[in-house]
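Note sheet for the following structure.
Only a predicted model underlies this, so the values are computations on that prediction, with no experimental measurement involved.
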Amino acid sequence: MSALSVDPLWPRAGDWPSPTEGTDAVLLGVPAWRTSLSPTGAGETPAAVRAALRRFSPTLIGPPAIDLTAHLRIADAGDVDEPDGRDGEARVRAAVAALASSRLVIALGGDNSATYAVAQGRGSQGLITLDAHFDLRDGESNGSPVRRLIADGLDPHRIVQIGIADFANSAAYARRAADAGITVITLDEVRRRGIDEVVSHALRVAGAAEARPTDEDADAAAAAGGIHLDIDVDVCDRAVAPGCPASVPGGLAAWELRALVRGLARDPGVTSADIVEVDATADTDDARTVRLAALCVLELLAGMAERR
């Protein structure tokens, strides 16, 4: 990778300090990969996303222009060591719980199995997924986090799955979602209804639009059981997400994913998120999938900045 230019008037995103009390947003690497249903190098992705962040500015153009690093207290808690398996999941829960004073925890996956322990560590009571797949499989893998969360007590009536795609799921799992009472907004429906309406509906169903503590009171918001946002980048078109093993032609455009992420992050009820299913070792030479994942980090931060 070529060296990046240095310009004191053009600050770069990333390289954020360790978290302290009262941090607004904190990154946490969760490099899960061992239970993936397809071969993956997703365990390499948190480091790749951190490197990609430095290719972007933390500035919203506005007007007026806003430097996110001046507006928000952003931190990086490093990676959870060996996050796979029951013992690894316990370490993830503990690492997320230790960040309770932060208004938003952003987990960098890793495969989609990370969603299970991150949501539980945050005490989430609602779930919104941006994903082409239901993730309702039996067993313990990157195809099962939604089913596992329901089995452990998450109310399926507070789960919204956005971007579910034709030819990427089975009829059996579609019936499982319907029988459980999950709200499913298909890929075609997203395009028919539009981003703003889908965001509003999802937040209402998952519970973020209910009366809850203000965003300033992070401890109380977490105690009330916020919303976990699962950003599975394979919801996108394979042309923009070739580094996702299960992405297919015809998925969301990059701008659609970014708009959904920012729109959902504007609500203070969203207290945690993960960005998963990117295999940095399978990406194109221009690292377009990893760069899209890094932009999702910045869109989450932008949504937070626009909450007030």
Side-chain angles (χ1 to χ4, degrees), residues 13-21 23-37 39-53 73-124 127 129 131 135 139-146 148-149 152 154 218-219 222 226-233 243-244 270-281 289-290 293-294 296-297 300-301:
D15 294 332
W16 292 308
S18 298
T20 57
E21 191 72 18
T23 298
D24 292 308
V26 58
L27 272 60
L28 177 69
V30 185
W33 65 276
R34 295 183 186 279
T35 65
S36 177
L37 294 171
T40 184
E44 304 298 320
T45 301
V49 171
R50 289 184 174 100
L53 280 167
R73 295 160 295 180
I74 308 168
D76 191 333
D79 288 356
V80 177
D81 184 50
E82 292 291 334
D84 290 293
R86 297 292 181 90
D87 290 344
E89 289 170 348
R91 285 191 287 274
V92 173
R93 290 190 200 93
V96 173
L99 302 172
S101 66
S102 297
R103 292 159 57 200
L104 181 67
V105 174
I106 303 171
L108 304 178
D111 68 32
N112 216 152
S113 65
T115 301
Y116 172 68
V118 173
Q120 288 191 330
R122 195 61 167 167
S124 303
L127 173 68
T129 74
D131 197 337
D135 289 345
E140 298 179 5
S141 70
N142 63 333
S144 67
V146 177
R148 294 182 70 194
L149 286 167
D152 283 357
L154 182 63
D219 291 333
I227 305 304
H228 180 75
L229 173 59
D230 167 31
I231 305 167
D232 182 335
V233 183
C244 294
V270 176
T271 60
S272 59
D274 63 59
I275 303 168
V276 295
E277 286 300 312
V278 174
D279 178 355
T281 69
T289 320
V290 169
C296 285
V297 173
L300 288 165
L301 297 174

Check: Considering residues at least two apart in sequence or located in another chain, which fulfil the salt bridge (Lys or Arg N to Asp or Glu O under 4.0 Å) criterion with E140?
Finding: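 Per chain and number, E140 pairs via salt bridge (Lys or Arg N to Asp or Glu O under 4.0 Å) with R86, R148.
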Next item on the list: Name all residues meeting the salt bridge (Lys or Arg N to Asp or Glu O under 4.0 Å) criterion together with R91; count only those two or more places apart in sequence or in a different chain, and write none if there are none.
Entry: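 Residues passing salt bridge (Lys or Arg N to Asp or Glu O under 4.0 Å) with R91: none at all.
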Taking [Y]'s backbone N and O only, do any of them form a donor-acceptor pair with [X]'s side chain (distance below 3.5 Å, no angle check)?
{"X": "T45", "Y": "A280", "answer": "yes"}
{"X": "D111", "Y": "N142", "answer": "no"}
{"X": "D279", "Y": "G41", "answer": "yes"}
{"X": "S144", "Y": "G139", "answer": "yes"}
{"X": "T115", "Y": "N112", "answer": "yes"}
{"X": "T129", "Y": "D131", "answer": "no"}

Which atom of [X] lies closest to which atom of [Y], heavy atoms considered:
{"X": "P145", "Y": "Y116", "value": "CB-N, 4.0 Å"}
{"X": "A117", "Y": "E89", "value": "CB-O, 3.7 Å"}
{"X": "V270", "Y": "L104", "value": "O-CD1, 3.7 Å"}
{"X": "A52", "Y": "A294", "value": "CB-CB, 3.9 Å"}
{"X": "P83", "Y": "V92", "value": "CB-CG2, 3.6 Å"}
{"X": "T271", "Y": "G226", "value": "OG1-CA, 3.7 Å"}

Is the shortest heavy-atom distance from the side chain of [X] to the side chain of [Y] under 4.5 Å?
{"X": "V233", "Y": "E277", "value": "no"}
{"X": "L108", "Y": "V297", "value": "yes"}
{"X": "L27", "Y": "V49", "value": "no"}
{"X": "V30", "Y": "V276", "value": "no"}
{"X": "P19", "Y": "L99", "value": "yes"}
{"X": "L154", "Y": "S124", "value": "no"}

Check: Which residue pairs pass the salt bridge (charged side-chain N to carboxylate O under 4.0 Å, His left out) test with at least one member in residues 41-53, sequence neighbours excluded?
Finding: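 Sorted pair list: R50-D76, R50-D79.
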Check: So how far is it from D274 CG to L229 CG, rounded to the nearest 0.5 Å?
Finding: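 Between D274 CG and L229 CG, I get 7.5 Å after rounding to 0.5 Å.
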